[in-house]
Amino acid sequence: MGWPTPAIDAHNRAFWTGGRDGRLLIACCGCCGAWTHPPVPRCPSCASERVEPAPVSGRAQVYSYTINRQRWTPELEVPYVIAIVELAEQHGLRLLTNIVGCAVEQVSIGMAVEVDFAQRGEVFVPVFRRAAT
Amino acid sequence: MSERFEQRCIISGIGQSEVGRRLTRDVLALTLDACHEAIADAGLAREDVDGVISWPGAVSRAEGLAPPGPGSSGPGTGAVIDALRLRTNWHYGGPESPGMFAAVIHACMAVACGLCRHVLVYRALNEATAWRAATERVSVDPDGVRGTMSWMLPYGAFSGPNWIGLWAMRHMHEFGTTREQLAAVALNARRNAQRNPKAVMQGELRIDDYLSSKMISDPLCLFDCDLAVDGATAVIVSTSEHAPDVPHGKPVHVEAVGSALQGRASWDQWADMTETAATGAGRHLWSRTDCTPGDVDVAGLYDGFSVLTLFWLEGLGFCDKGEGGPFVEGGSRIALDGELPLATGGGQLSAGRLHAFGHLHEVCLQLRGQASGRQVADAKVGLVSAGAGPLASCLLLRTA
Ligand SMILES: [Zn+2]
């Protein structure tokens, strides 16, 4: 088994496939403007059904991270960085992701990162790399 | 304070199978060993048992917060009811609950509401055997991951060390928690394991061994992680009316439960990763009793990873938020003769992952004065906790 892929459904399709057009699409409420993740059919803030995927800047900061060094499946290439990043658009709007494109030791909490996409079949997995300064 | 439902309940009997990494008996046999022992210990016969509950039940794949791996579920309640030929008023097994002690809390509910008088509660695992046979440690649907795990597995966040590593790193960042402080938890567990013949790890563990061991998922190293074992634990939750009839004379009373979830039901969307669901569950527990943290004589805080002990210490108010590291540092405060003895039987870190039920069994032994070779003097109030991240449940227990 390599890296698992998500089962695509009506709610998560935008998130997992927006990368085809280079866009990170996050659920946003058309009524109150709140961003929410994971995407759900009603806004958790105001209960509106007008929740639609909308593009975000892709800018984020590392909230926490861990360096996985364990080969949980035989095919797994290690080490790699698993991180929680907070998107610039809203306090507390976070994704679990990977930090790619740098040595694992270079990642730190608070580091500025920007989105990139790793294609796996029809899925474009949003990952992050160190922001260009 | 008005009476709480759990205060109508006692743990009348306890049982535990052999525990090990290379046992010859299968997990149903181990489960039945533990169940028979608990029923007899409670002074009951099988026909007296009218309820059965287990966490997580027989699950092979789940979309929830507690995804099963090989050997992690044990036999379901149906298999146990049939093997013991029980006649029940209520039985239940399921993972969607606030952690492993949800099974005990469910049992208390069933007893307190009058549905049952004696509920058999068990937790069985055979991860040591199953992991030797398996090439993959996670079972993933080839058609794609669904549910909450679909936001984690595609990023290679396969296992507990990854998820808890994220929490540990943030705790270190905010509070300056050190690896030496985490080591104090692991070393304490090992010292206590050396006094428990059933603990799987008996060798000496030194700080240098800890610091030089391989990293699994930074900042968690090998000795921050608990050990897969085969083993089963069972307890009988009875109506307190049964207390005078308990043959060993030491019924353990349930003083309070904590089960509240005060955050998002998610591993990756938890707002403040310097605390876990332990904080909400801890607050809930203390709201249900006149006891305070200072009353606790012995505790079995969930230690699937060393850092979880810190989250539980802080969440239960044994120290302030962020002070878990200094609290355990050096190990004297949490030692057998310290102010709050922890993991007295070796915990999951050194006695094996019995998924919180090892702690429950051990703290019951302590409260009954039966923890031979490692008895905490005059232990009257005990606390046990279960869970990590968004999963948390805890029990305050006392002698008479
Ligand atoms: Zn809204």
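The analysis underlying the following values was restricted to heavy atoms, covering all of them including side chains, and did not include hydrogens, waters or symmetry mates.
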Discussion item. Using salt bridge (charged side-chain N to carboxylate O under 4.0 Å, His left out), reason through B:Lys321 and B:Asp272 one step at a time and then give a plain yes or no.
Written reply: CA-CA 12 Å; B:Lys321 183 169 173 174; B:Asp272 179 358; 2.4 Å; yes

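- Within 6.0 Å of the CD atom in A:Glu105, the count of heavy atoms belonging to other residues, nucleotides or ligands exceeds 12.
- For chain B, the nearby parts of A:Tyr65 are the backbone and the side chain; heavy atoms of each come within less than 4.5 Å.
- Neither the backbone nor the side chain of A:Ala118 comes within less than 4.5 Å of any heavy atom of chain B.
- The interface of residues 7-43 of chain A with chain B, defined by heavy-atom distances below 4.5 Å, comprises A:Ala7, A:Asn12, A:Phe15, A:Trp16, A:His37, A:Pro38, A:Pro39.
- A:Glu86 and A:Gln61 share no donor-acceptor pair across their side chains, judged by distance under 3.5 Å alone.
- With no hydrogens or angles considered, no side-chain donor-acceptor pair links B:Asn162 and A:Thr66 at under 3.5 Å.
- Residue with the most contacts toward chain B among A:Thr97, A:Ile84, A:Val125: A:Thr97 (heavy-atom pairs, distance under 4.5 Å).
- With chain B as partner, the option from A:Thr5, A:Val127, A:Asn98 having the largest number of non-hydrogen pairs under 4.5 angstrom is A:Asn98.
- Ranking B:Met152, B:Gln269, B:Met215 against chain A, the residue ahead of the rest is B:Gln269, based on heavy-atom pairs under 4.5 Å.
- Ranked by heavy-atom pairs under 4.5 Å with chain A, the list B:Pro219, B:Ala157, B:Gly156 is led by B:Gly156.
- Using a 4.0 Å cut-off between charged side-chain N and carboxylate O, A:Glu114 and A:Arg129 make no salt bridge.
- Between A:Arg69 and B:Asp218 the shortest side-chain heavy-atom distance falls below 4.5 Å.
- By the 4.5 Å heavy-atom criterion applied to side chains, A:Trp3 and A:Leu76 are counted as neighbours.
- Residues of residues 302-310 of chain B placed with any heavy atom under 4.5 Å of a heavy atom in chain A are absent; none qualify.
- Listed for the B:Ser350 side chain is no donor-acceptor partner under 3.5 Å among the backbone atoms of B:Gly347.
- Counted within 6.0 Å of CZ on B:Arg132, heavy atoms from surrounding residues, nucleotides or ligands total more than 12; the atom is thus considered enclosed.
- Annotation: side chain of A:Gln70 is in contact with side chain of B:Ile216 (closest heavy-atom distance under 4.5 Å).
- Highest contact tally toward chain A, considering only B:Leu220, B:Leu166, B:Asp268, is held by B:Leu166 [criterion: heavy-atom pairs under 4.5 Å].
- Only the side chain of A:Arg120 comes within contact range of chain B, with heavy atoms under 4.5 Å apart.
- One finds the CG atom of B:Leu391 at 10.5 Å from the CD atom of B:Glu96 (value rounded to the nearest 0.5 Å).
- Between the side chains of B:His171 and B:Thr274, no donor-acceptor pair of N or O atoms lies under 3.5 Å.
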Stepwise side chain to side chain donor-acceptor pair (under 3.5 Å) check, A:Glu89 with A:Ser57 | CA-CA 8 Å; A:Glu89 275 69 16; A:Ser57 65; 2.9 Å; yes

